[in-house]
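Heads up, the thing below is written out as structure tokens.
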Amino acid sequence: MHLTLTAEWDSYKWGPVMARRAMPSLVDERGYLWQTVAQVYEHARLDEAEAELRAQIEKALAAGIDVTHLDSHMGTLQLRADYHEIYARLANDYRLPIRLASRRRIGIEGMGAILDQLDAFGVVTPDHLVFSGPPTAPETESYWTNLIRTLKPGVTEILCHPALARDELKSCARDAFQREADFRYFTSEKVRKLVADERVQLVGFRELRDLMRGKN
């Protein structure tokens with residue numbers, strides 16, 4: 001569940017799940033979510049933000065979607081302690097694992113109490129998060145291949161946006177061709193062989209959710 005409080009594109013926009021009139025601090029003058037994380041922090045009320053995020057989760061569940069985990073669009077819920085507290089509370093209430101920056105980075109940024117909160121709730125997270133990517137599209141294969149060959153022990157989440165660079169994506173995403181390069185790489189037979197050769201075990205957040213909920 002990609003929890004969202006921003007609509008960052010210039011020409012491709014969206015608003016909140018809840019009625020705009022009920023969430024006035026979350027939207028701009030046109031009724032769209034704020035364009036930047038900084039604007040969210042400047043304008044949004046925490047109670048309205050949490051209510052909207054819960055509504056997003058509930059809408060997905062009501063649609064029959066098997067929600068496996070929570071993450072945060074543009075990192076809004078991960079970059080400030082009071083928003084991270086909402087993130088942790090939602091994870092606990094819905095018993096869902098979350099995407100998390102490295103514990104070391106969170107400690108350096110002065111949010112050690114967040115780690116204590118997550119541990120107290122028993123929230124499961126991957127051990128490592130890779131959120132950078134290839135410098136250029138031609139370097140895609142060498143970059144990701146080196147990363148796979150040098151994975152650290154534990155569970156690693158690779159954050160990227162594989163997609164086909166069709167007209168709709170090219171109209172709004174400046175990195176459309178990098179997204180397609182990532183898609184071509186991760187769906188190739190070459191990578192399937194590399195993963196097998198390196199003895200990498202592929203898991204999804206569903207397995208982490210089952211672990212968090214105490215299922216075998």
Side-chain angles (χ1 to χ4, degrees), residues 1-17 20 23 25-44 49 52-53 56-57 59-60 65 67-80 83-84 86-87 98-102 105-106 108-109 125-126 128-151 156-191 194-195 204-205:
M1 186 71 214
H2 198 54
L3 298 172
T4 303
L5 292 173
T6 52
E8 73 275 23
W9 306 116
D10 293 329
S11 57
Y12 191 71
K13 311 294 288 184
W14 49 85
V17 165
R20 289 166 170 81
M23 301 283 122
S25 74
L26 303 186
V27 298
D28 62 18
E29 65 278 1
R30 296 183 295 167
Y32 298 123
L33 294 174
W34 295 108
Q35 187 163 24
T36 68
V37 175
Q39 288 174 316
V40 173
Y41 293 162
E42 179 182 357
H43 298 286
E52 166 62 20
L53 297 170
Q56 291 177 17
I57 298 170
K59 184 170 184 177
I65 294 173
V67 177
T68 59
H69 68 289
L70 304 176
D71 64 30
S72 172
H73 185 54
M74 297 178 68
T76 308
L77 302 180
Q78 298 173 263
L79 301 175
R80 211 172 81 176
Y83 281 83
H84 219 308
I86 295 174
Y87 194 33
I98 61 172
R99 171 182 295 157
L100 188 70
S102 74
R105 179 177 178 183
I106 291 175
I108 290 173
E109 293 180 358
T125 69
H128 313 289
L129 174 64
V130 176
F131 56 87
S132 58
T136 64
E139 298 173 86
T140 297
E141 181 174 339
S142 61
Y143 181 90
W144 290 125
T145 297
N146 179 67
L147 185 138
I148 291 171
R149 286 176 173 161
T150 58
L151 287 172
T156 297
E157 179 186 2
I158 296 176
L159 193 169
C160 63
H161 302 87
L164 295 175
R166 293 175 174 153
D167 289 343
E168 182 179 17
L169 185 64
K170 288 188 288 186
S171 72
C172 62
R174 291 181 294 274
D175 62 344
F177 293 106
Q178 180 60 62
R179 295 181 185 219
E180 176 152 335
D182 291 339
F183 177 88
R184 301 293 183 189
Y185 178 81
F186 282 110
T187 58
S188 69
E189 287 300 321
K190 183 182 292 187
V191 171
L194 174 65
V195 166
F205 269 96

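Of all heavy-atom pairs between Ser72 and Leu77, the closest is OG-N, 2.9 Å. Closest approach of Gly31 to Pro16, counting heavy atoms only: O-CD, 3.9 Å. Between Gln35 and Thr6 the shortest heavy-atom distance is O-CB, 4.3 Å. In this structure, His43 and Ser25 approach most closely via the heavy-atom pair O-CB, 3.3 Å. Of all heavy-atom pairs spanning Trp144 and Asp182, the tightest one is NE1-OD1, 2.9 Å. Here the closest non-hydrogen pair linking Glu180 and Ala165 is OE1-N, 2.6 Å.
Remark: Glu8 CD to Cys172 SG distance equals 8.5 Å, nearest 0.5 Å. Distance check: Ile57 CD1 to Glu52 CD gives 10.5 Å after rounding to the nearest 0.5 Å. Here the CG-CE distance, from Leu5 to Met74, works out to 11.0 Å after rounding to the nearest 0.5 Å. A distance of 11.5 Å separates CZ in Phe177 from CZ in Arg184, rounded to the nearest 0.5 Å. Atoms CZ and CG, on Phe205 and Asp71 in that order, are 7.5 Å from each other to the nearest 0.5 Å. The OH atom of Tyr185 sits 8.5 Å away from the NZ atom of Lys190 when rounded to the nearest 0.5 Å.
A donor-acceptor contact shorter than 3.5 Å is absent between the side chain of Tyr83 and the backbone of Gly75. Within the 3.5 Å criterion, the main-chain N or O of Tyr41 finds no donor-acceptor partner in the side chain of Trp34. Although no hydrogens or angles enter the test, the distance criterion places no donor-acceptor pair under 3.5 Å between the side chain of Tyr12 and the main chain of Ala7. Between the side chain of Gln56 and the main chain of Val17, no donor-acceptor pair closer than 3.5 Å is present. Counting only distance, with no hydrogens or angles, the side chain of Gln178 and the backbone of Ala137 share a donor-acceptor pair below 3.5 Å.
No side-chain donor-acceptor contact under 3.5 Å links Ser142 and Glu139.
In the displayed structure, Lys170 atom NZ is contacted under 6.0 Å by more than 12 heavy atoms of other residues, nucleotides or ligands. The local environment of CD in Gln39 is crowded, with over 12 non-hydrogen atoms from other residues, nucleotides or ligands closer than 6.0 Å.
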query = What do the steps show when you test Leu33 against Val40 for side-chain contact (heavy atoms from CB on, under 4.5 Å), and what is the final call?
reply = CA-CA 8 Å; Leu33 294 174; Val40 173; over 6 Å; no
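Remark: Tyr143 pairs with no residue by the ring pair (Phe, Tyr, Trp, His ring centres under 6.0 Å) rule, at least two apart or across chains.
The aromatic rings of His2 and His73 stand perpendicular to each other, their planes meeting at an angle above 60°, with 30° marking the opposite boundary.
Paired with His128 under the rule side chain to side chain contact (heavy atoms under 4.5 Å, CB included), one option of Thr156, Leu151, Leu100 passes, and it is Thr156.
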